[in-house]
Amino acid sequence: MNEQDFAVGASGLTKTFTLEWTRKKLLALDGLDMQVRRGEVFGLLGPNGSGKSTTMKLILGLIRPTSGMIKVFGEPSGSLASRRQLGFLPENPYFPGFLSAREVLNYYGKLVDLCGKQLRERVEELIELVGLPLAADRALKTYSKGMLQRIGLAQALLHDPDLLLLDEPTAGVDPIGSRQIRDLILALKKRGKTIIFSSHLLEQVQEVSDRVIILHRGKKMQEGTLDELLSVQGQSQFTVSGLTPELQEKVAALLKSEGAELVNVSHPKQKLEDYFIRSVSK
Amino acid sequence: MKYWLSALALIVIWGLGKVCWENRLAAERRVIMVGQDLPMNYQLRDSLGQGFTMAALGGFRGLAADSLWFTLTTAWEDQEWERVQAMAEMCVLLQPRVTFYWDMGAWNLAWNASVAVENAPLEKGKIDRRKHDSMMWIEAGRDLLERGIRVIPERPILYQRLGDLYWQRLGEYEQAAEYYKEALKRPKAPLYLERFVGFALEKAGKNREAYEYWKQLWQSSKEHPEQSQHRWDVIEDHIRKLEGDMKIPAEQRFFQKEVR
Amino acid sequence: MKNSLRHIFVIAGNTFTEAIRQKVLYVLVVFCLIMLGGSSFYTQFDFRGDDFKFMKDLAYAAISVIGLLVSLLGAAMLIPAELEKRTIYTLLSKPVRKFEFIVGKYLGLVLLLTLFVTLMAGIFMLAVWGHESSLTAGILKASQGHPTEFQQQMINEFRAGAYDPAMWQALVLIWAKLCLVTVISVLFSTVASSTVFIVSCTLFIYLIGHLQSVARDFWFSQSGGASWLTTAFLAAVSLFIPDFQTFNLIDEIISGNPVLWQNTWHILLYSAVYTVIALAVSALLFENREL
């Protein structure tokens, strides 16, 4: 596969930080190999301090790798060419609090070289897309965390980038907001965008990502599609309605006679999130 | 690392150039501060150009001099003339190019201090030193003005004050006339000083010189750009009066016919 | 190139807007107005037309000191805030170069200082005008509209003192000095992230800068007598620190010394070149910095 076919290609990516004063070395990322294909939704998983944000910053070029190399669409990370093609939503985004949403989007829009009518239209489009038309002229310091997150998404999308980097996009957002963000990710995927996001909430990752990497203390522990990683090999599950105790006994006996074993019988549960959203939207 | 090195290299290279540039700027500044190459005593030049205090005061030398001046004003109210003198000296040291401090400092010494000392009640059993003390203050004022003139030779005001001092405090009218003349050579000198010269010469009893001066003034004034402001009547009166006093024969008089 | 300029202006505009929405700025402006108002206190005394020297001394000191605080705090508050609140991540994830950020910040602060100095100068001019017209009116009233030669001379002196065209030079020099302080503040904020640290360092340079000429003269005049340590110290001060004494032509202007525009332009050129170099160094250091 050619270099350009990867949205992000990293090999042997290592980053050590030197602590101030003590001069101690801290290994934040240790020889990470990572290939993200175009059009993929890619999850970076791991507990706090596992190197997710470091990876994000390396992709953006905000920091330089200690060793190894990283490219974005074949361009060196941090180069203007690479940054023209990516949008970034930082963790807990913060924006100049004295501006309104519309002003902030105008400001960032000018920095991605939009201007005039094009800029105005794009800003309105995005305000609509992230669902903030009513609050667009309020100062951002009055915004809730979820609203800031949406503005963060809007600014990341301003120049319609091919690659989106979302750092903890659902952290601190309520379930409805969280679901909206998830829907947005899926919608963007449909339009052919590549999305890399990090999270420590595993369930959300499960719902949207094609492939994931699990990081722990700067090392890659696992990599693969969710099917590969999560299916329990050698076991199967069916869901039945109208299962009486007698029928259950019969099935168990049948399974036993065929050499299989019934491991567990339980009631399927709704996900709390689904339940919550259904209750609220009633 | 390479960024640090290039930043450091840039600073050092610029530093070498900038030092020379700063020397040139400092030379320019010194010319402005001290005026054109003046014969000045070295102590004053040093304190102007390189003085540590001057530098440390940064942009607030003026403000420092102002506050000293307020101290001077209170000293003046308390009639503490030594303090007045000390404060005036400090002010002119801080801002030697401000005429105000020389001018008002000298006025406080030669007029206020000397008159106050002169009029002080005589203490019993003591020798009357009042005349002597008064003279001492006048001379202190004169000294201040003379030093001021050396620092600011291009403005008329201090010459005018020195003329006033010779006239009013010392009664040396001929000297006063000389200083008024010096003042008149400077740009923007007040026009009335032209007449002061004549008055001073008359007062000195130099009628002949005064007469020549008034005549010359009458003639030169006709070409004067500000002749409309001239008190022609005063000049004419003085010429006629002096001709009378000196008993100049009618045919030699300046105004042959009744002009004007 | 065109994009770079546009980015710089957009960031400058944003910085300016952010700065003028800081409450501390208004506190400083009020302080400055109080000090300017204080200059009318002087005029209760009779200074024979030299009133204006006193007014100018106080007004220029007020603008310098408060302006110094504005320029010190400006860069030291705004640039670390971008880092601390991580807005810089958003900014630099866009196709914006780091030097554009630095230059934009600086120009925004210069814009702020320009507004500040202009505003204060305007108010000061009003005060001078008020004082001059009341003095002149007093004389005219006493002479019932026909001033004697002597009184006319006094009026002329008042007016010359009040409306000295060299005043503009003094104001421009104050502004230039403040801009130079700002660029040093920007320089420090590219390597440090604590406001207190940046303000202290800049203030230190500012104070040493007023003594730099003394160190430089020593460095140039000494002949082998001093130890190498002294020489190294004097050389370092001379090379690294700007000569703030250069700007004290302001003093001479207030003293009524003839200062030509040519002298003022020379100093402006010096500070402009200094600024460009300092911005280049800032950009290099910031380029190197990991965010």
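In the text below, chain A, chain B and the rest are named by the order of the sequence lines, each starting its count at 1.
C:Ile250 does not touch chain B: none of its heavy atoms, backbone or side chain, sits under 4.5 Å away. Proximity to chain B (any heavy atom under 4.5 Å) is shown, for C:Leu187, by neither the backbone nor the side chain. Heavy atoms of C:Ile267 lying under 4.5 Å from chain B belong to its backbone as well as its side chain. Only the side chain of C:Gln212 comes within less than 4.5 Å of a heavy atom of chain B; its backbone N, CA, C and O stay farther away. Contact of C:Tyr274 with chain B is made through backbone and side chain together, with heavy-atom distances under 4.5 Å.
Around atom CD of C:Gln262, no more than 12 heavy atoms belonging to other residues, nucleotides or ligands sit under 6.0 Å away. When the shell of 6.0 Å around CH2 of C:Trp265 is examined, it contains 12 or fewer heavy atoms from other residues, nucleotides or ligands.
B:Lys188 has no carboxylate O lying under 4.0 Å from a charged side-chain N of C:Glu157, or vice versa, which leaves the two without a salt bridge.
In the model, C:Tyr270 has a side-chain atom that pairs as donor or acceptor with a side-chain atom of B:Glu22 under 3.5 Å. Under the 3.5 Å distance criterion, with hydrogens and angles disregarded, a donor-acceptor pair is assigned to the side chains of B:Gln168 and B:Trp111.
Note on C:Leu239, C:Val191, C:Val281: by heavy-atom pairs under 4.5 Å with chain B, the leading option is C:Leu239. When each of C:Ser238, C:Ala160, C:Ala283 is scored by its heavy-atom pairs under 4.5 Å with chain B, the top score falls to C:Ser238. When each of C:Ile174, C:Leu207, C:Val65, C:Ile241 is scored by its heavy-atom pairs under 4.5 Å with chain B, the top score falls to C:Ile241.
The aromatic rings of B:His238 and B:Phe199 are tilted relative to each other, their planes meeting at an angle between 30° and 60°.
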